[in-house]
2 protein chains.
Amino acid sequence: MNGTGTAAEDRVFAALANATRREVLRLLRERGPQPVQALADHFDMRRPSLSEHLKVLREAGLVSEQRSGRQRIYRLEAAPLAEVQDWLHPYERFWREQLKGLGDLLDRLPDDDQR
Amino acid sequence: MNGTGTAAEDRVFAALANATRREVLRLLRERGPQPVQALADHFDMRRPSLSEHLKVLREAGLVSEQRSGRQRIYRLEAAPLAEVQDWLHPYERFWREQLKGLGDLLDRLPDDDQR
DNA sequence: ACAATAGGTAGGCGTTTACCTACCAGTCAA
DNA sequence: TTGACTGGTAGGTAAACGCCTACCTATTGT
């Protein structure tokens, strides 16, 4: 009944677990939709490898492609990231408590380190 | 100057890209700190495999262990999840726009599909 | 029609992942 | 001090990953 199975979540997190793919998302976010070539210029990697990264991103629903002549324009699709945020929500109170605890600790010891 | 390199981000996302590990985090969040055995009861998997999952979570900084007699009590450490949320932030305006666009579309076509 | 361009697919290769069984180390209780 | 119990490590295996080179298809410009 939910439509967003754990396999989909796996695919999204796995897609994000790679610096190249996160960088592709950043480029699409900062510079808008682009053809593969323009993306490829930013990476020290052969084009077929980037194509495979784009496939992973497509299958995670994080990008879409739109054909335009002989180019494929890739576009950021952020909806799966909204689901990541939803997934994070129940943890938020934990990191707020824990970061607060850390702040308090640092307040109480304005001194230096141990090693 | 940042201290949270891309390798750390890789480790966190990779740790989350597995349903067993996400379930461990959920158990620690909902039921509090627990020894390995109590966690293992929830999985259809040999204990050494779960140990390896716990190691991945530890190395991502998502859990900590505290020895107590012969048990190891695992505890949720949510700070890396706060960094995931920070990473998500710049994408938020995209999914808001896109989800809004989808809503509008559904409003304008109360009809059915194409294929 | 032909050459050039954009970009995907096939297949190979070394590394990593996720599981397993076997074994080891530390702690506790009799 | 020996035996049970908790949980990690070693080592093996099959599958997945990330990269490569080679090749294929589709489109475009001459």
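This one's a predicted model, so the numbers in the text were calculated from it and none came from an experiment.
Side-chain contact between B:L16 and B:L81 is present, with heavy atoms from C-beta onward closer than 4.5 Å. Contact check for A:L57 versus A:L25: side-chain heavy atoms found under the 4.5 Å cut-off.
Rounded to whole Å, atom C1' of D:dG7 lies 15 Å from atom CD of B:Q66. A straight line from CD of B:E52 to P of D:dA10 spans 11 Å, rounded to a whole angstrom. In this entry the distance linking CZ of A:R67 with P of D:dT28 reads 13 Å, nearest Å. Between A:Q37 atom CD and D:dA26 atom C1' the separation is 16 Å, expressed in whole Å. Here D:dA16 presents its P atom at 13 Å from CG of A:D10, a figure rounded to the nearest Å. Regarding B:R46, its CZ atom lies at a distance of 18 Å from the C1' atom of D:dT9, rounded to whole Å. Put simply, CD on B:Q71 is 11 Å from P on D:dG8, counting in whole angstrom units. Between the P atom of D:dG18 and the CG atom of A:L16 lies a distance of 12 Å, rounded to the nearest Å.
Taking a 6.0 Å sphere around CZ of B:R58, one finds it holds more than 12 heavy atoms contributed by other residues, nucleotides or ligands.
Residue A:H53 places none of its side-chain N or O atoms closer than 4.0 Å to OP1 or OP2 of D:dC17. Distances shown here put a side-chain N or O of A:S49 below 4.0 Å from the OP1 or OP2 atom of D:dC20. The phosphate of D:dG18 (OP1 or OP2) has a side-chain N or O of A:N18 nearer than 4.0 angstrom.
Residue A:Y74 is tested with A:L27, A:L54, A:V24 for a side chain to side chain contact (heavy atoms under 4.5 Å, CB included); the sole match is A:L54.
The pair B:E65-B:R67 meets the salt-bridge criterion, since a charged nitrogen lies less than 4.0 angstrom from a carboxylate oxygen. Using a 4.0 Å cut-off between charged nitrogen and carboxylate oxygen, A:E59 and A:R11 do not count as a salt-bridge pair.
Each of D:dC20, D:dG29, D:dG8 was ranked by its minimum atom distance to the side chain of A:R70; first place goes to D:dG29. Picking from D:dA22, D:dG7, D:dT9 the nucleotide with the shortest atom distance to the side chain of B:R47 gives D:dG7.
In this pair, B:F13 and B:W87 present their aromatic rings perpendicular. The plane angle is above 60°, beyond the 30 to 60° band.
The CZ atom of A:R75 sits 6.0 Å away from the OG atom of A:S64 when rounded to the nearest 0.5 Å.
Each end of the helix from C:dA1-D:dT30 to C:dA30-D:dT1 gets its own axis, taken as the rotation carrying the C1' atoms of four end pairs onto the next four within a five-pair window, and the two axes meet at 10° to the nearest 10 degrees.
Mapping A:T20 and B:P48 onto DNA chain D via the closest heavy atom, the residue that lands nearer the 5' end is B:P48.
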Stepwise side-chain contact (heavy atoms from CB on, under 4.5 Å) test for A:E83 and A:V12: CA-CA 9 Å; A:E83 290 174 22; A:V12 173; 6.0 Å; no

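At the heavy-atom level, B:Y74 lies under 4.0 Å from the strands shown only through sugar-phosphate atoms.
Reading DNA chain C from its 5' end, the first and the last nucleotide to sit under 4.0 Å from a heavy atom of chain B are C:dA18 to C:dC28.
Geometric assessment of A:R29 against the ring of B:Y91 yields a positive cation-pi assignment under the 6.0 Å and 45° thresholds.
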